[in-house]
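Down below is the structure, laid out as structure tokens.
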Amino acid sequence: MMDDLFSGLESANEEMAQGAWLLRRYALRNASDLLKQINAISVSAPFRHMVTPGGFSMSVAMTNCGPFGWVTDRKGYRYQSTDPESGKPWPAMPDAFLSLAVNAAKDAGYPDFVPDACLINRYEPGAKMSLHQDKDEKDFTNPIVSVSVGLPATFQFGGISRSDPVRKYVLSHGDVVVWGGPSRLFFHGITALKEGSHEEAGRARFNLTFRRAAL
Ligand SMILES: O=C(O)CCC(=O)C(=O)O
Ligand SMILES: [Mn+2]
């Protein structure tokens, strides 16, 4: 029944800009497993509120898995292979994460994407991420794959300049956004998460951002 309703993936997909696709419910079947894996990862690499170079503590709590993890502190933004809190390598990227990211990228027109970094964002009500570009990676020919689980959030997607108009999209449990090519460096952000409770994720939204950090 559900298969019939959602098998027309075309209708669930929306092109947000050239090279940018919203794949609605793409990860719905994986979502409970993703939550379990996120929980396991956070046991060895706990969520933490990192500090920006300007000295502000981020409202989004973060951790990472995979060969490289994105970090920020007073010294700047960067990728590193170890967790600065423990000095240990980040937890391995679960196979289910990797295949989800590879398949979503392929379906959005990026057949060569192999992520080496997975940033895990945890938003609690009130948390937000201001408009920014993802530009700490070495090779912008690789797309970004972004998976949403838990409470819905409003994603803002703009253009190549900070002042470009933004469109808003509600990202729900299981939604995947892929952007690359001409939109790889487009500004984007998440507005303050609304209060709520999700039946599987509780009072939170999780986002997995898959990137290729190294060449
Ligand atoms: O939470 C999201 O959907 C976006 C996260 C993001 O843009 C980032 O971590 O760079
Ligand atoms: Mn981003």
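One-based numbering, in listed order, for ligands and for the atoms of each.
- Trp70 and Asn64 form no side-chain donor-acceptor contact under 3.5 Å, judged by distance and modelled atom types alone.
- In this structure, Arg48 contributes its side chain and Pro46 its backbone to a donor-acceptor pair below 3.5 Å.
- Residue contacts with ligand 1, taken as heavy atom pairs separated by less than 4.0 Å, do not involve Gln156 at all.
- Inspection of the Gln156 and Thr191 side chains reveals no N or O donor paired with an N or O acceptor under 3.5 Å.
- By the criterion of a heavy-atom distance under 4.0 Å, the side chain of Asp134, and not its backbone, is placed next to ligand 1.
- Atom CG of residue Asp107 and atom CG of residue Asn13 lie 8.0 Å apart, to the nearest 0.5 angstrom.
- Between Arg211 and Asp136 there is no salt bridge, since no side-chain nitrogen of the basic residue lies less than 4.0 Å from a carboxylate oxygen of the acidic one.
- Counting atoms of ligand 1 from 1 in the listed order, those under 4.0 Å from a heavy atom of Leu119 are 9 (O).
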- [ ] Show the numbers, then the answer: is there a side chain to side chain donor-acceptor pair (under 3.5 Å) between Tyr79 and Glu137?
- [x] CA-CA 8 Å; Tyr79 284 93; Glu137 301 73 35; 2.5 Å; yes
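- With respect to the salt-bridge test (charged N to carboxylate O, under 4.0 angstrom), the residues Arg203 and Glu124 do not qualify.
- Using a 4.0 Å cut-off between a side-chain N of Lys or Arg and a carboxylate O of Asp or Glu, Arg212 and Asp112 do not qualify as a salt bridge.
- Distances below 4.0 Å separate heavy atoms of His188 from the following atoms of ligand 1: 7 (O).
- Closest protein heavy atom to atom 6 (C) of ligand 1: Met129 SD, 3.4 Å.
- Protein heavy atom nearest atom 3 (O) of ligand 1, with residue, atom name and distance: Arg205 NH2, 2.8 Å.
- With 3.5 Å as the limit, one finds a donor-acceptor pair spanning the side chains of His132 and Asp134.
- Contact atoms of ligand 1 toward Tyr123: 1 (O), 2 (C), 4 (C), 5 (C) (distance under 4.0 Å to a heavy atom of the residue).
- Protein heavy atom in closest approach to atom 9 (O) of ligand 1: Asn121 ND2, 3.0 Å.
- Within the 4.0 Å heavy-atom cutoff, Met62 does not count among the residues contacting ligand 1.
- Taking the ring centre of Phe187 as origin, the terminal cationic atom of Arg162 falls outside the region bounded by 6.0 Å and 45° from the ring axis.
- Under a 4.0 Å criterion applied to the non-hydrogen atoms of Arg211, ligand 1 contributes the atoms 8 (C), 9 (O), 10 (O).
- When atom types are taken as modelled, the side chain of Ser148 and the backbone of Asn207 share no donor-acceptor pair closer than 3.5 angstrom.
- Near-neighbour remark for the Mn ion (ligand 2): protein N, O or S atoms under 2.8 Å are His132 NE2, Asp134 OD1, His188 NE2; waters not counted.
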